[in-house]
Asks: 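Mind looking over this structure? Questions follow.
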Amino acid sequence: MYLWPSIASLLLLVYLPFVALGDQLSPKECENLGFTRRALCSDCNTLAEYVKDGELVADCRRCCTDDTNDSLSKVSFSGAILEVCMRKLVFYPEVVAFIEEEKDQFSSVKVQYVYASPPKLVMLDEDGNQVETIRIDNWKREHIRQFLKEKVKATSKEI
């Protein structure tokens, strides 16, 4: 009699993760698990070959970006925040050069100085919510410019 609720709750705990396997996780949930939306779904298949942890592979698939039919090249963002620590700028001359000489070409890209932050691009969706964070520590300014041209939607002033 006392055993039945324990077995039922155990079965419920085992069954629930499989119900939600097809659901995509939020960017924050994926980041907490160690995945980003830039992870490709084909990478999850490779992960499954080497790591025999079904839960880890399932999390990877719930956080990945479809990379079939060149869908990755179609990913775009409405804006971005270039986040960097002002005190650390001296260590990133390429980022400084981009901010000083090329940032004005992108009206939907803002610079935000955050204490102790490494240089990164915080990519935004239509509502201004964070979708992706990309570290740019070792990027050349040409790479920053090219990435933003390809991935951030141009505003009417930039067209």
Side-chain angles (χ1 to χ4, degrees), residues 17 20-51 53-159:
L21 273 180
D23 299 334
Q24 289 286 8
L25 296 175
S26 73
K28 196 65 166 172
E29 290 171 315
C30 290
E31 188 175 311
N32 290 339
L33 291 170
F35 296 103
T36 66
R37 289 281 180 202
R38 298 191 55 76
L40 302 176
C41 292
S42 60
D43 293 337
C44 296
N45 297 335
T46 304
L47 179 67
E49 291 176 26
Y50 294 98
V51 178
D53 183 342
E55 186 177 343
L56 180 64
V57 173
D59 287 342
C60 180
R61 289 193 174 119
R62 292 168 58 195
C63 293
C64 68
T65 299
D66 181 24
D67 56 337
T68 57
N69 299 327
D70 200 31
S71 61
L72 188 60
S73 65
K74 298 175 188 172
V75 174
S76 65
F77 305 95
S78 293
I81 299 169
L82 195 162
E83 190 175 287
V84 66
C85 176
M86 190 174 284
R87 291 182 177 190
K88 292 183 179 182
L89 270 176
V90 68
F91 301 111
Y92 304 104
E94 295 289 333
V95 174
V96 171
F98 174 81
I99 292 170
E100 291 177 349
E101 299 172 22
E102 303 189 43
K103 188 262 167 226
D104 291 338
Q105 297 174 24
F106 303 94
S107 62
S108 58
V109 177
K110 308 296 179 219
V111 177
Q112 186 173 9
Y113 298 102
V114 178
Y115 180 74
S117 176
K120 58 187 166 186
L121 289 170
V122 178
M123 309 310 290
L124 307 172
D125 65 9
E126 302 274 335
D127 300 320
N129 297 319
Q130 177 181 339
V131 178
E132 187 73 47
T133 301
I134 305 161
R135 295 272 303 256
I136 59 169
D137 305 57
N138 299 315
W139 288 23
K140 303 275 187 211
R141 72 177 176 177
E142 298 84 27
H143 299 146
I144 299 169
R145 181 184 60 241
Q146 186 64 35
F147 178 82
L148 292 173
K149 279 185 178 179
E150 290 176 8
K151 298 298 181 184
V152 176
K153 297 175 188 169
T155 62
S156 57
K157 289 189 267 183
E158 297 169 359
I159 296 177

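All values derive from a computational prediction rather than experimental measurement. Values below: every heavy atom of this structure, side chains too, minus hydrogens, waters and symmetry copies.
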Asks: Verify, without hydrogens or angle tests, whether K88 (side chain) and S117 (backbone) share a donor-acceptor contact under 3.5 angstrom.
Replies: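 No.
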Asks: Would Q146 and E150 count as a side chain to side chain donor-acceptor pair (under 3.5 Å) here? Give the steps.
Replies: CA-CA 6 Å; Q146 186 64 35; E150 290 176 8; 2.7 Å; yes
Asks: Can you measure from SG (C63) to CD (E31) and round to the nearest 0.5 angstrom?
Replies: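 C63 atom SG to E31 atom CD measures 10.5 Å (nearest 0.5 Å).
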Asks: Could you work out, with side-chain contact (heavy atoms from CB on, under 4.5 Å) as the rule, every residue matching Q112, not counting sequence neighbours?
Replies: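 Partners of Q112 under the side-chain contact (heavy atoms from CB on, under 4.5 Å) test: I81, E83, V114.
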Asks: Output the distance between atom CG (D125) and atom OG (S76), rounded to the nearest 0.5 Å.
Replies: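 One gets 11.0 Å once the value is rounded to the nearest 0.5 Å.
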Asks: Mind listing the closest non-hydrogen atom pair of L124 and F77 along with its distance?
Replies: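 In this case the closest contact between L124 and F77 is O-CB, 3.4 Å.
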Asks: To the nearest 0.5 Å, how far apart are SG in C41 and CZ in R62?
Replies: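 It comes to 13.0 Å.
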Asks: Between L82 and V95, what is the shortest heavy-atom contact and its length?
Replies: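 Taking L82 first and V95 second, the nearest heavy atoms are CD2-CG1, 4.0 Å.
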Asks: Name all residues meeting the side-chain contact (heavy atoms from CB on, under 4.5 Å) criterion together with E102; count only those two or more places apart in sequence or in a different chain, and write none if there are none.
Replies: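 Listed in chain order: F98, Q105, R141, R145.
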Asks: Where is the tightest heavy-atom contact between R61 and C64, given as atom of each residue plus distance?
Replies: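 Taking every non-hydrogen atom into account, O-SG, 3.5 Å.
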Asks: Assess the residue pair M123 and V152 against the criterion (side chain to side chain contact (heavy atoms under 4.5 Å, CB included)); give the C-alpha distance rounded to whole Å, side-chain angles, the decisive distance to 0.1 Å, and a yes or no.
Replies: CA-CA 8 Å; M123 309 310 290; V152 176; 3.7 Å; yes
Asks: Can we say the SG-SG distance for C60 and C44 is below 2.5 Å?
Replies: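 C60 pairs with C44 as a disulfide (SG atoms under 2.5 Å apart), so yes.
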Asks: Mind listing the closest non-hydrogen atom pair of T133 and K120 along with its distance?
Replies: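 Taking every non-hydrogen atom into account, CG2-CD, 3.5 Å.
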Asks: Using a 6.0 Å cut-off, check whether atom CG of N138 has over 12 heavy atoms from anything other than its own residue.
Replies: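 No.
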Asks: Would you check if R135 and P118 make a side-chain contact, meaning some heavy-atom pair closer than 4.5 Å?
Replies: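 Yes, at least one pair of side-chain atoms sits under 4.5 Å.
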Asks: Quick one: pull up CD in E94 and CD1 in I136 and give me the separation to the nearest 0.5 Å.
Replies: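 With rounding to 0.5 Å, CD (E94) is 10.5 Å from CD1 (I136).
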Asks: Please find the pair of heavy atoms, one from D137 and one from P119, that lie closest to each other, and give the distance.
Replies: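 Looks like OD1-O, 3.7 Å.
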Asks: Please report the interatomic distance CD1(I99) to CD1(I144), rounded to the nearest 0.5 Å.
Replies: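 One finds 8.0 Å between CD1 of I99 and CD1 of I144.
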Asks: Do you know the tightest heavy-atom contact between F106 and L148?
Replies: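 Of all heavy-atom pairs spanning F106 and L148, the closest is CE2-CB, 3.7 Å.
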Asks: Quick one: pull up CG in N129 and OG in S78 and give me the separation to the nearest 0.5 Å.
Replies: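 So the gap between those two atoms works out to 10.5 Å.
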